[in-house]
Amino acid sequence: MGRRLPAGQPVTASHDPLYFTSAAPPGASPRTLARPRPLLSPAEHIVLAQRFPARNGAPGKQDGDAPPPHGHRLGRRTRMTVDVYNFDDTADRLTVSAPKVGGGWTVRADRGQSQPCIRVPTGGRSGVNFTIVAGSSVPRRIDRRLAFRATADDHAEVPAPVALIHRG
C-alpha cells in the first residue's frame with residue numbers, strides 16, 4: 001500500500017486489498033473533475049486495525065482458498081492490540097471499547113479499564129492492548145466476529161474493523 005507502480009504496467013491482483021490512485025485523464029479540466037464529494041467527519045479520519053501475534057494466524061490461509069474456519073486461531077488466552085491511526089489534521093482523544101463476542105468469549109482491556117481513553121497525535125498511531133479469553137464452553141474451529149469500537153470526544157463513531165476468530 002502506498003508503493004508507486006510504473007504506469008501502463010499490468011498489476012496482479014490477489015485476495016489482499018489493493019488501493020489504486022491515478023492522475024487525471026489527459027485533457028480533463030478541473031471543472032469536469034470537480035464533483036461534490038462527501039466530506040469525511042474527523043472520526044472517519046481514524047482507522048482501527050486489529051493486530052494479533054503471528055502465531056495466531058491460521059495455517060494455509062495465505063491464498064484465501066482454504067476451507068473454514070477462516071479466522072485468527074486463538075488459544076484459551078490471547079493478547080492482541082487494537083492500533084488506532086489518526087489521519088486527521090488534529091490530535092484526537094478516543095475511547096476504545098471491547099466488543100461483546102458471546103458464545104463463551106470475553107474481551108477486556110489490559111489497562112484494567114473497561115473502555116480505555118487514548119490520545120492519538122496527528123498522523124500518528126497509538127495502541128490499546130486487550131486480552132481475549134475463550135471459556136471452557138467455546139467449541140473449536142467455529143468462527144466468531146470480533147469488532148472493536150472507538151468513539152471520539154464529540155461522540156462520533158469510528159468505523160469498526162471486523163475480524164474472525166476461532167479457538168484453535
Side-chain angles (χ1 to χ4, degrees), residues 1-5 13-24 30 33-58 61 64 69-135 138 142-167:
M1 188 164 105
R3 183 177 51 142
R4 291 192 177 271
L5 300 173
S14 69
H15 292 284
D16 295 325
L18 295 175
Y19 302 91
F20 293 100
T21 62
S22 65
L33 295 174
R35 293 190 179 103
R37 294 183 183 178
L39 296 175
L40 296 177
S41 72
E44 291 171 317
H45 285 95
I46 304 294
V47 175
L48 303 178
Q50 298 181 35
R51 182 167 40 96
F52 291 85
R55 69 179 173 273
N56 296 119
K61 303 297 183 194
H70 297 291
H72 297 279
R73 181 183 55 205
L74 307 185
R76 292 285 308 249
R77 188 176 213 80
T78 305
R79 293 197 60 194
M80 55 84 64
T81 302
V82 174
D83 288 322
V84 183
Y85 295 87
N86 182 359
F87 296 101
D88 200 6
D89 55 3
T90 60
D92 285 301
R93 288 180 46 84
L94 299 151
T95 301
V96 180
S97 57
K100 301 226 181 303
V101 180
W105 292 94
T106 56
V107 182
R108 68 175 181 271
D110 286 356
R111 294 181 182 182
Q113 302 170 322
S114 62
Q115 296 183 335
C117 186
I118 60 170
R119 182 181 178 281
V120 186
T122 301
R125 174 186 82 181
S126 294
V128 181
N129 294 321
F130 288 88
T131 299
I132 302 171
V133 178
V138 172
I142 303 294
D143 282 328
R144 298 289 292 202
R145 290 171 51 90
L146 179 65
F148 286 86
R149 296 175 54 146
T151 307
D153 277 348
D154 65 357
H155 304 288
E157 290 286 325
V158 173
V162 177
L164 294 175
I165 58 172
H166 70 272
R167 173 117 188 268

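We're numbering straight along the sequence, starting at 1. We use all heavy atoms of the structure for the numbers below, so side chains are in, but hydrogens, waters and symmetry mates are not.
- The CG atom of Asn129 lies 9.0 Å from the CE atom of Met80; values are rounded to the nearest 0.5 Å.
- Across all their heavy atoms, Arg76 and Gly135 have their closest contact at NH2-C, 4.1 Å.
- A 4.5 Å side-chain heavy-atom check between His45 and Asp89 finds every atom pair outside the cut-off.
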| query | What's the verdict on side-chain contact (heavy atoms from CB on, under 4.5 Å) for Leu146 and Trp105, showing C-alpha distance, side-chain angles and the deciding distance? | reply | CA-CA 10 Å; Leu146 179 65; Trp105 292 94; over 6 Å; no

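- Contact between Thr90 and Asp92 at its shortest, heavy atoms only, is O-OD2, 3.4 Å.
- Between Val101 and Arg144, the shortest heavy-atom distance links the atoms O-NH2, 2.7 Å.
- Atom CG of Asp83 and atom CZ of Arg51 lie 4.0 Å apart (nearest 0.5 Å).
- Using a 4.5 Å heavy-atom cutoff, the side chains of Ser97 and Phe148 are not in contact.
- Taking OG1 of Thr151 as the reference point, atom CZ of Arg93 lies at 13.0 Å (rounded to 0.5 Å).
- Put simply, CG on Asp143 and CZ on Arg167 are 14.5 Å apart, with the number rounded to the nearest 0.5 Å.
- Side-chain N or O atoms of Ser126 include one that pairs as donor or acceptor with a backbone N or O of Arg119 at under 3.5 Å.
- Within the model, atoms OG1 of Thr81 and CD of Gln50 stand 10.5 Å from one another, a figure rounded to the nearest 0.5 Å.
- Interatomic distance, Asp153 CG to Leu94 CG, rounded to the nearest 0.5 Å: 7.5 Å.
- With hydrogens and angles disregarded, no donor-acceptor distance shorter than 3.5 Å links the side chain of Thr131 to the backbone of Thr78.
- A heavy-atom distance below 4.5 Å is not found between the side chains of Arg79 and Pro53.
- Here the side chains of His166 and Arg73 are in contact, with some heavy-atom distance below 4.5 Å.
- Judged purely by atom type and a 3.5 angstrom limit, Asn86 uses its side chain to pair as donor or acceptor with the backbone of Val120.
- The two residues Asn56 and Gly75 come nearest to each other via the heavy atoms ND2-N, 4.5 Å.
- Considering every non-hydrogen atom in both Pro159 and Ile46, the closest pair reads CD-O, 4.4 Å.
- Val96 and Phe130 make their closest contact through CG1-CZ, 3.9 Å (heavy atoms, listed as atom of the first residue, atom of the second, distance).
- When side chains are defined from C-beta on, Val107 counts as touching Pro99, because their heavy atoms get closer than 4.5 Å.
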